[in-house]
Amino acid sequence: MTLFDEVQQLSSESHAKWFERYFKEYDLDHKIKVSAQKGYTGYLIPVMSVEDEYLQRRLDDKRTLEMLRNRLGEDFSVGYQSTYSKNILTGHEYLSDKKIHITW
């Protein structure tokens, strides 16, 4: 096994452990059920507004979306919801918010 392969494997294992630990504590299943009881057809998980840089980086990783899709099943749609704003001085658009959007 090359160093590159070993680093990739360590990264994947670390992400999988984080995912299981985080979403067990986050209690996502319960939050989705409460949202459905309130009449919503989706649930948003903040990504950019999270103050912890480590957590923000993990939530912004595409592997997180794949793991969520696998965990929730094919009846759920999981993707990013991005919000763009325009700088009033320069007129340039920028990414102002990003969330994980789960719909059913």
Side-chain angles (χ1 to χ4, degrees):
M1 179 182 291
T2 67
L3 177 59
F4 179 80
D5 294 335
E6 190 174 340
V7 169
Q8 292 294 333
Q9 181 180 356
L10 288 171
S11 177
S12 293
E13 289 172 2
S14 171
H15 192 84
K17 287 178 187 176
W18 166 83
F19 179 86
E20 289 303 321
R21 188 174 51 243
Y22 178 76
F23 282 102
K24 182 179 179 187
E25 288 177 21
Y26 192 76
D27 199 12
L28 181 62
D29 296 346
H30 176 71
K31 290 181 180 189
I32 288 174
K33 290 175 186 177
V34 168
S35 290
Q37 288 173 341
K38 291 180 179 179
Y40 295 111
T41 58
Y43 184 76
L44 294 169
I45 300 171
V47 175
M48 283 185 66
S49 61
V50 175
E51 291 186 19
D52 182 3
E53 185 180 328
Y54 172 77
L55 179 57
Q56 189 179 79
R57 189 174 64 248
R58 289 291 195 179
L59 290 170
D60 199 20
D61 192 317
K62 291 182 182 190
R63 293 178 292 187
T64 301
L65 293 184
E66 288 300 318
M67 290 177 175
L68 276 171
R69 286 183 190 114
N70 290 336
R71 180 177 183 168
L72 296 173
E74 62 186 47
D75 295 328
F76 287 88
S77 175
V78 179
Y80 287 116
Q81 179 185 45
S82 299
T83 304
Y84 293 89
S85 297
K86 190 177 269 191
N87 184 310
I88 60 171
L89 298 175
T90 64
H92 289 88
E93 270 194 353
Y94 63 94
L95 181 64
S96 59
D97 196 19
K98 189 174 192 179
K99 297 176 181 177
I100 296 174
H101 191 198
I102 302 168
T103 57
W104 50 87

S.K.: So does V7 get a backbone contact from the side chain of S11, meaning a donor-acceptor N/O pair under 3.5 Å?
M.R.: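 Side chain of S11 to backbone of V7, a donor-acceptor pair under 3.5 Å: no, none is there.
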S.K.: If you take all heavy atoms of Q9 and M1, which pair is closest and at what distance?
M.R.: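 Closest pair (atom of Q9, atom of M1, distance): OE1-CE, 3.1 Å.
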S.K.: In terms of heavy-atom contacts, does NZ of K33 have more than 12 from other residues, nucleotides or ligands at under 6.0 Å?
M.R.: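 Count not over threshold, so no.
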S.K.: Please answer whether the main-chain N or O of R58 pairs with a side-chain N or O of T64 as donor and acceptor at a distance below 3.5 Å.
M.R.: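 At least one qualifying donor-acceptor pair exists.
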S.K.: Give a yes or no on whether a salt bridge exists between R69 and E66, defined as a side-chain N under 4.0 angstrom from a carboxylate O.
M.R.: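 Yes, R69 and E66 are salt-bridged.
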S.K.: List for me each residue that meets side chain to side chain contact (heavy atoms under 4.5 Å, CB included) alongside S96, sequence neighbours excluded, and say none if there are none.
M.R.: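 Here the qualifying residues are T83, S85, Y94.
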S.K.: What distance do D60 atom CG and K98 atom NZ have between them, rounded to the nearest 0.5 Å?
M.R.: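 One gets 3.5 Å once the value is rounded to the nearest 0.5 Å.
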S.K.: So for atom CD, which belongs to E51, do other residues, nucleotides or ligands contribute more than 12 heavy atoms lying within a distance under 6.0 Å?
M.R.: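 At most 12 heavy atoms, drawn from other residues, nucleotides or ligands, come within 6.0 Å of this atom.
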S.K.: Applying side-chain hydrogen bond (donor to acceptor under 3.5 Å, both in side chains), can you list everything that pairs with T41, at least two apart in sequence or on another chain?
M.R.: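 Partners of T41 by the side-chain hydrogen bond (donor to acceptor under 3.5 Å, both in side chains) criterion come out as none, since no residue qualifies.
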S.K.: Provide the closest heavy-atom pair for D97 versus L95 in the form atom of the first, atom of the second, distance.
M.R.: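 Minimum heavy-atom contact is O-CD1, 3.5 Å.
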S.K.: Could you grab the distance from atom CD of E20 to atom CZ of R71, nearest 0.5 Å is fine?
M.R.: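 Taking CD in E20 and CZ in R71, the distance rounds to 6.0 Å.
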S.K.: How long is the straight-line distance from OG of S49 back to NZ of K99, given to the nearest 0.5 Å?
M.R.: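 So the NZ of K99 and the OG of S49 are separated by 6.5 Å.
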S.K.: Other than L65, what residues sit in its cluster of Ile, Leu, Val, Met, Phe, Trp and Tyr side chains whose heavy atoms are under 4.5 Å apart, directly or through others?
M.R.: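 ILVMFWY cluster around L65 also holds W18, F19, Y22, F23, Y26, L28, I32, Y43, I45, V47, V50, Y54, L55, L59, M67, L68, L72, F76, V78, Y80, I100, I102, W104.
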S.K.: If you count every heavy atom of other residues, nucleotides or ligands that lies below 6.0 Å from E13 atom CD, does the total exceed 12?
M.R.: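 Yes, the 6.0 Å shell around CD holds more than 12 heavy atoms from other groups.
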